[in-house]
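So the structure is just underneath, and the comments pick up after that.
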Amino acid sequence: MTEQALALRATGVRMEYRDPATRERLTAIERMDIEIPEGEFVSIVGPSGCGKSTFLKIVNGLLPATEGEIEIKHSKGGSDHAMVFQDSSLFPWYSVQRNVAYGLACRGVKRKEAFARALPFIKLVGLEGFESKYPYQLSGGMQQRANLARALTVDPELLLMDEPFAALDAQTRELMQVELIRIWSEAQKTVLFITHQIDEAIFLSDRVIVMSARPGRILADITIELPRPRDLDIKRTPRFVEYEEQIWRLISKQLSVGPEAAA
Amino acid sequence: MAAQTTTSGLAPSEQQAKRRHPQPPRMRRSIKNEPLVFGIIGFVVVLIAWEAAIDLGMARASLLSSPTRIWSAAVTDFGNGALWPHIATSLLEWTVGFALAIVVGIPLGLILGTFRRIGMIVDPLLSALYATPTVALVPLIILLFGIGIGAKFAVVFLEALVTLTVSTITGVKSADPRHLETARSFGASRWLAFTSVTLPSSVPFIVTGLRIGAGRALVGVIVAEFIAANVGIGFYISLNGNLLNASRVMLGVLLVGAFGVFVGIVIGRIQRYFDRWRPAIR
Ligand SMILES: Nc1ncnc2c1ncn2[C@@H]1O[C@H](COP(=O)(O)OP(=O)(O)OP(=O)(O)O)[C@@H](O)[C@H]1O
Ligand SMILES: [Mg+2]
């Protein structure tokens, strides 16, 4: 590794899906090279269908890449990585506490201990008092908090988040952004975050990676030099708006090219 | 109606606070056990109409019997103990056959649903068996097993088995891919993924299978006893049919029906237990 400790290095990742019926190949990702130093918050934005989720699944080990290599810092105590999915990924038949403890159960931790270790994270995401509730008894925002807590409980080196706030209304979404920053600075994790919302990416991140339309590749890697801690007011500062326009120009060019707009 | 569908998830006090009808729908709340009450009303109405129709000479008591006649038949046959052996035998046949079907059918369904290749081999066979009215096989089973209780076990078992297996397979396949992906993403073992995702997802289907299977098992009992038996409720019904004793036929039918309802209620309880993680719709 280089002088700076990396949490993730993706080299020459390429992904082709094959349609099992027609045997046609579809290139979802042309090439991705990313290095993320430990503790950084990095977002990926890009047009719909450009392969963001695909890339995250490759990093997560859910999909084998067609080409390329993924290196993830190995965690000593916890998991190497954990994923926060978009929605409906909580198990509706488990209580909040059991859901949050699930990652530990997967690592062979006994029920009682896993439940106990889940508690501080339930508290961290602000779900105290809802431990024994079922997911249907929570609001969308609360479900995503539980989702986040489940990922944090396994103490991952790298936190992967695929549009975790997409299903939330605008207000809840901004609230969750602030919460995520708070949790991130407390938990000190490396985060790879996917979103459609440019302002969300800028607000949260140290770096924003802009992807091209499918087949996806990196168009730009923009370092966000906004001071931390940030609050929502920063979204109205000229610097912030500049970043927004810069990224928007990159993406809108892509939209007018590809036929993917509707996808 | 619409007002009631939204009550999930909120504490009662919150509901009250949120709803500000000029007139609260008090009537609806005052009836406890609404379905039961209305169900009983339906029953009573039918019974009265039936009795009245016979008494007014609109139908013949020798063919249709009447509630009071059935009642006196029940008093007689329960009183002298003539019914008990029939009930006990049928109950035993149903219980053993259905229990065997559960013990075999559910694990079989879980295996066939989980392992795709085995499923591919067995699925067509199963669909064929599912489409065949298995009662048609009863004469064959009696040839194989004789007219004793073994044949009855076999018939009941077969009647319930296919339903249970098929609905369990459907349940296994109904597991949400997103949930399976979540399990995999957290590194769940195959076994843990099975117990934490596949099994809970298939429970509602398994319970439905139990419900239908229990009914089919009951049909199996009666049909098998119709064809070849010297004891059992089915035998009691067919015997009294041949003797043109409508009251006793009706009594037998009512006993079978009552048992069916009872089993339905028990399975409903089971269902409610497993559904506690779902918003209550009703
Ligand atoms: N399992 C799959 N099999 C075949 N093709 C797939 C599969 N998953 C995704 N694709 C294709 O790969 C491309 C990238 O999909 P992906 O889900 O990664 O996009 P995305 O960038 O996450 O889009 P969005 O922003 O809409 O979530 C799409 O064109 C999609 O059709
Ligand atoms: Mg996506």
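So you know, we letter chains A, B, ... as the sequences are listed, proteins then strands, and number each from 1. When reading the values below, keep in mind they use all heavy atoms of this one structure, side chains included, and skip hydrogens, waters and symmetry mates.
Under 3.5 Å, the side chains of S201(B) and D176(B) contain no donor-acceptor pair of N or O atoms. A side-chain donor from one of Y17(A) and T54(A) sits under 3.5 Å from a side-chain acceptor of the other.
The candidate from A188(B), S185(B), A183(B), A193(B) with the greatest count of non-hydrogen atom pairs under 4.5 Å with chain A is S185(B).
Residue S89(A) touches chain B through both its backbone and its side chain, counting heavy-atom pairs closer than 4.5 Å. If you measure heavy-atom distances from L104(A) to chain B, you find no contacts under 4.5 Å at all. With a 4.5 angstrom heavy-atom cutoff, V203(B) does not touch chain A via any of its atoms. Neither the backbone nor the side chain of R98(A) comes within contact range of chain B; no heavy atom of the residue lies under 4.5 Å from a heavy atom of that chain. Proximity to chain A involves both the backbone and the side chain of R276(B), based on heavy atoms less than 4.5 angstrom apart. In this structure, no portion of K133(A) lies under 4.5 Å from any heavy atom of chain B.
Q144(A) places no side-chain N or O within donor-acceptor distance of the main-chain N or O of G141(A), the cut-off being under 3.5 Å. With R145(A) contributing its side chain and V125(A) its backbone, the two residues share a donor-acceptor pair below 3.5 Å.
Closest approach of V156(B) and W94(B) over heavy atoms only: CG1-O, 3.9 Å.
Annotation: side chain of I233(B) is not in contact with side chain of V221(B) (no heavy-atom distance under 4.5 Å).
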